[in-house]
Novice: 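I'd like to ask you about the structure that follows.
Positions are given from 1 along the sequence.
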Amino acid sequence: MGPHPAVAAIRLAVRRVLHDILNDHQTSAEKTPHERPSSPLVLVACSGGADSMALASALAFEAPKLGIRAGGVTVDHGLQPGSDLRADEVALRLRELGLDPVESIAVTVGREGGPEAAARDARYAALDAASARHGACAVLLGHTRDDQAETVLLGLARGSGIRSLSGMAAVSGADGRYRRPFLQLDRQTARKACLVQSLPVWDDPHNADPAYTRSRLRHEGLPALEKALGKGVVEALARTAQLSRDDADALDAWAGQAESAVRDSAGLLECAKLYALPPAVRRRILRRAAIEAGAPAGSLFARHIEEVDRLITGWRGQGAINLPGKVVAQRQGGRLVIRQG
């Protein structure tokens, strides 16, 4: 008799991603043929919750069959009493699964951008450092289809265009370091896989704390949407993420190609040529120009770009527009100049 359907599903999802990682590893090894191809190391980021424990168990099962070394990292955010003991316990569980190396990393969470964003920044910095330290070629993250649906709804609430609706990428980070094998699986499958494998699961109290936006969305928002619209909401939102990502990628590519055509011989943006472009492409060029001039991407919102866009589409002699990072955008003789003020 084969494994339980939930266990089969998580293992298949991980196997597919490991094959991709192996192909990427072999391709990079071919580029540097003088180096002896080593057995690649893949780490799993594990909080001890159902999603990441299921992921760790599937990695431990599948990696050896493909000649891949499998390790694990757990991050202690230090936000709750006893979190260090919890992290040690998770590290022990990862070792019991057969993962090696396993590391528990304590981080200091700052205040920047709110509690959720600050914890995320600290976590990814720790994972980046661990990945570099161990020479890992990838880090697996346990985000599920439910997490993706929540991310799309949060993006929708921000109102910042299709890029924010495209959710989390299956592959992201420097050199495609981060992989999310479970984006097509629901949270229930991961939980079930832990249950049938008798894997102990820790439920982070933050996930049920109404002080956190994502927690409210998980426990109040999505259930209300499902009640009003039916059970397929999560799946539909995850599908929206993928379609939005494809659209956003296409528009980014178009903007990249159009950028050189809308600059004059001195490299300045020509307003008439920008005006002729579709708004979605033009705004991407403006956003990129603002970032190149020194505006921090995280502080540059849709409303900023709309104001700059009006210098092209609604020109009535208005003055310079101040953008984050002390960047100024102004129209001068048919040219759009975006620079440090």
Side-chain angles (χ1 to χ4, degrees), residues 2-20 44-47 49-59 62 116 120 140-173 176 178-197 199 201 203-204 206-208 210 212-251:
H4 185 281
V7 176
I10 62 166
R11 287 177 179 174
L12 176 61
V14 167
R15 194 181 318 141
R16 283 177 173 154
V17 168
L18 291 180
H19 276 295
D20 291 344
V44 58
C46 186
S47 66
D51 306 340
S52 58
M53 278 306 290
L55 183 58
S57 72
L59 176 65
E62 293 291 341
E116 289 162 287
R120 187 173 59 242
L140 305 189
L141 302 172
H143 298 117
T144 62
R145 193 166 68 182
D146 300 75
D147 295 307
Q148 185 73 301
E150 291 158 14
T151 304
V152 173
L153 285 174
L154 290 167
L156 186 63
R158 277 200 304 274
S160 49
I162 59 166
R163 180 54 77 190
S164 71
L165 297 186
S166 63
M168 294 175 282
V171 179
S172 65
Y178 292 108
R179 313 277 175 137
R180 297 177 173 87
F182 287 177
L183 280 185
Q184 306 297 324
L185 295 179
D186 59 23
R187 195 174 283 145
Q188 206 49 48
T189 302
R191 193 166 279 279
K192 188 76 180 163
C194 288
L195 190 69
V196 298
Q197 295 181 103
L199 288 173
V201 166
D203 288 313
D204 185 347
H206 279 166
N207 289 340
Y212 294 91
T213 314
R214 191 179 278 271
S215 169
R216 289 197 302 275
L217 191 54
R218 181 172 300 180
H219 296 283
E220 300 164 31
L222 262 173
L225 274 179
E226 286 191 331
K227 194 177 174 188
L229 302 172
K231 275 288 178 204
V233 170
V234 166
E235 198 176 340
L237 286 167
R239 199 163 53 246
T240 296
Q242 188 51 58
L243 294 170
S244 299
R245 180 168 296 282
D246 293 345
D247 289 354
D249 288 347
L251 288 166

Novice: Classify the side-chain pair Asp186/Thr189 by whether it contains a donor and acceptor separated by less than 3.5 Å.
Specialist: yes
Novice: Within the structure provided, determine whether Arg179 and Asp20 are in side-chain contact (heavy-atom separation under 4.5 Å).
Specialist: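 When only atoms from C-beta onward are counted, Asp20 and Arg179 do touch, with a gap below 4.5 Å.
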Novice: Could you tabulate the donor-acceptor pairs under 3.5 Å formed by side-chain atoms of residues 150-157, not counting sequence neighbours?
Specialist:
unit_1: Glu150; atom_1: OE1; unit_2: Arg214; atom_2: NH1; d: 3.2
unit_1: Glu150; atom_1: OE1; unit_2: Arg218; atom_2: NH2; d: 3.2
unit_1: Glu150; atom_1: OE2; unit_2: Arg187; atom_2: NH1; d: 3.4
unit_1: Glu150; atom_1: OE2; unit_2: Arg187; atom_2: NH2; d: 3.0
unit_1: Glu150; atom_1: OE2; unit_2: Arg218; atom_2: NE; d: 3.1
unit_1: Thr151; atom_1: OG1; unit_2: Asp147; atom_2: O; d: 2.8
unit_1: Thr151; atom_1: OG1; unit_2: Arg214; atom_2: NH1; d: 3.4
unit_1: Thr151; atom_1: OG1; unit_2: Arg214; atom_2: NH2; d: 3.1

Novice: Start with the C-alpha distance between His143 and Gln148, add both sets of side-chain angles, then the distance that settles side-chain contact (heavy atoms from CB on, under 4.5 Å), and finish with yes or no.
Specialist: CA-CA 7 Å; His143 298 117; Gln148 185 73 301; over 6 Å; no
Novice: Any side-chain heavy-atom pair from Asp146 and Asp51 closer than 4.5 angstrom?
Specialist: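 Side chain of Asp146 against side chain of Asp51, heavy atoms only: no contact under 4.5 Å found.
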Novice: Tell me whether Asp249 is salt-bridged to Arg163, with the criterion being a basic N under 4.0 Å from an acidic carboxylate O.
Specialist: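 Judged by the 4.0 Å cut-off on N to carboxylate O distance, Asp249 and Arg163 do form a salt bridge.
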Novice: Going by heavy atoms in the side chains, are Gln188 and Thr144 under 4.5 Å from each other?
Specialist: no
Novice: Heavy-atom count around Gln197 CD within 6.0 Å, excluding the residue itself: above 12?
Specialist: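 Counting neighbours around CD of Gln197, more than 12 heavy atoms of other residues, nucleotides or ligands fall under 6.0 Å, so yes.
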Novice: Could you tell me which non-hydrogen atom of Ser52 sits nearest to which non-hydrogen atom of Ser47, and how far apart they are?
Specialist: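 What the structure gives for the nearest pair is OG-N, 3.0 Å.
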Novice: In residues 6-19, what donor-acceptor pairs under 3.5 Å come from side-chain atoms, sequence neighbours left out?
Specialist:
unit_1: Arg15; atom_1: NE; unit_2: Glu62; atom_2: OE1; d: 3.1
unit_1: Arg15; atom_1: NE; unit_2: Glu62; atom_2: OE2; d: 3.4
unit_1: Arg15; atom_1: NH2; unit_2: Glu62; atom_2: OE2; d: 3.2

Novice: Using a 3.5 Å distance criterion without hydrogens, assess whether the side chain of Arg245 forms a donor-acceptor pair with backbone atoms of Ser166.
Specialist: yes
Novice: Provide the closest heavy-atom pair for Ala169 versus Ser172 in the form atom of the first, atom of the second, distance.
Specialist: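 Minimum heavy-atom contact is CB-CB, 4.2 Å.
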